[in-house]
Every structure is written in C-alpha cells, then in structure tokens.
Participant: 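Okay, handing you the structure first.
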Amino acid sequence: MKNRLPELRARQGWTQGELAARLKVSRQTVNAIETERYEPSLSLAFAIAKIFDLTIEDIFSPRAR
Amino acid sequence: MNPLKNPFVRGMLFSQWAYWCMWAVCLWAQLHLPPSPLRTALTLSPIPPGILIVAVAIWQYRACDEFIRFKILCAATTAAIVTALWTLAYSYLELVGFPRLSMVWVSNAGWAVFVFLMIRLMLAGHEKPVA
C-alpha cells in the first residue's frame with residue numbers, strides 16, 4: 001500500500017523517531033510503513049490519520065496492480 | 001543509543017550467555033563424568049536459563065509494537081521451518097546409517113536460527129534513522 005507519510009512528516013519537520021514517539025511505536029515501524037515494507041493495522045492507521053488530522057484515505061492508497 | 005542500555009538487549013544477552021555456559025557444562029559432563037547424580041544435575045543445568053530465555057522473550061514481546069511482533073513471529077516461523085526440515089532430512093539419513101543424534105542438536109538448530117534473526121532485528125533497530 002502506498003502512503004504519503006514521508007511527505008506529511010517532512011511538512012511537520014519531524015524525524016522518523018519523533019513520529020514514532022507520537023504514535024507510541026518503534027522507529028523501525030515508521031520506517032517499515034514509509035518504505036512500504038509493512039502495512040499498519042487499522043488501529044495504527046487511525047492513529048496516524050489522527051496525528052496528521054487527515055482521513056486514512058488521504059494518507060494511504062492501494063498500490064496500482 | 002548504546003544497545004547495551006536497552007534492558008531487553010541486556011536481558012537477552014544475559015539469558016543467552018547463561019544458557020550457552022550451562023550448555024558447555026552439560027557437554028563437559030556428558031563427555032567426562034561417569035553416570036552419577038552430579039552428571040544428571042549438570043546435564044539438566046541448561047533448562048533454567050532456557051526458561052529464562054523464554055521469559056525474556058515473552059517480556060520483550062509484550063512490550064513490542066505490532067511491526068516488531070510481526071517480525072518476531074516471522075523469525076519464530078522461520079526457525080520452526082528450519083527445524084522441521086532438519087528433522088525431516090536427518091530422520092531419513094539415520095535410516096541409512098547416519099549416527100543417531102540427540103534432540104539437543106535439533107533444538108539448538110532451531111534456537112540458532114531464531115537468535116540470529118532476533119539479533120538482526122535488534123541491530124536493525126539501531127541503524128542510523130532516515131531524517
């Protein structure tokens with residue numbers, strides 16, 4: 001699944017570690033999501049959306065087949 | 001951050017150190033002591049640190065987030081598959097004359113794979129982060 005996490009994080013001036021701290025997950029998790037190696041659970045996706053004050057669809061989109 | 005300051009890393013390293021020390025004691029007892037209560041006790045000595053390893057793993061797992069839990073489960077699955085393949089292959093090799101091996105060698109193969117993957121995961125967590 002594609003995501004806009006790097007762009008949204010850069011807009012806030014946060015490092016991966018800072019975003020991870022706000023989400024209460026490890027930096028590896030943020031890195032894995034940003035590099036599309038891992039798709040977050042629904043609860044984590046909602047938490048990410050809340051942090052950026054956006055909807056899940058604004059952040060995540062299915063990868064084109 | 002110094003990985004040795006991480007309590008989970010310290011717990012994992014200590015439990016692993018204790019286990020392999022007792023494993024060496026067990027091996028020495030098997031090779032050099034005659035059958036006796038002391039030999040039995042020393043042979044069973046890796047069990048308590050083995051339980052400690054499991055306890056540290058459970059403690060660590062409960063403190064992990066979803067991605068790390070996913071990686072731990074992947075490592076456990078990989079170790080189980082390696083152990084299954086190893087036991088499958090060697091069971092047939094024993095039938096054609098290879099020496100009978102103790103289950104210790106089977107479990108150590110699985111443990112080695114799992115520990116390798118866990119150390120790799122921990123080291124990945126200490127890589128320089130992307131800004």
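Letters A, B, ... mirror the listed sequences (proteins, then strands); counts begin at 1.
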Participant: Just how far is it from atom OG1 of A:Thr29 to atom NZ of B:Lys71, taken to the nearest 0.5 Å?
Facilitator: 10.5 Å

Participant: Taking all non-hydrogen atoms of both residues into account, name the closest pair between A:Arg37 and B:Phe67 and its distance.
Facilitator: NH1-CZ, 4.3 Å

Participant: Does A:Leu54 share a hydrophobic cluster with A:Ile48, counting links as ILVMFWY side-chain heavy atoms below 4.5 Å and allowing steps through other members?
Facilitator: yes

Participant: Under 4.5 Å between side-chain heavy atoms, counting indirect links through other Ile/Leu/Val/Met/Phe/Trp/Tyr residues: same cluster for A:Leu44 and A:Leu42 or not?
Facilitator: yes

Participant: Against chain B, label A:Pro6 side chain, backbone, both or neither, depending on which of its atoms sit under 4.5 Å from a heavy atom there.
Facilitator: neither

Participant: Step by step, would you call B:Glu66 with A:Tyr38 a side-chain contact (heavy atoms from CB on, under 4.5 Å)?
Facilitator: CA-CA 10 Å; B:Glu66 59 183 62; A:Tyr38 177 71; 2.9 Å; yes

Participant: Give the minimum heavy-atom separation between B:Asp65 and A:Ser26, together with the two atoms involved.
Facilitator: OD2-N, 2.5 Å

Participant: B:Trp20, B:Val54: one ILVMFWY side-chain cluster at the under-4.5 Å cut-off?
Facilitator: yes

Participant: Among the clusters formed by ILVMFWY side chains lying less than 4.5 Å apart, do B:Leu73 and A:Val25 turn up in the same one?
Facilitator: yes

Participant: In this structure, would B:Trp17 and B:Val25 fall into the same cluster of hydrophobic residues linked by side-chain contacts under 4.5 Å?
Facilitator: no

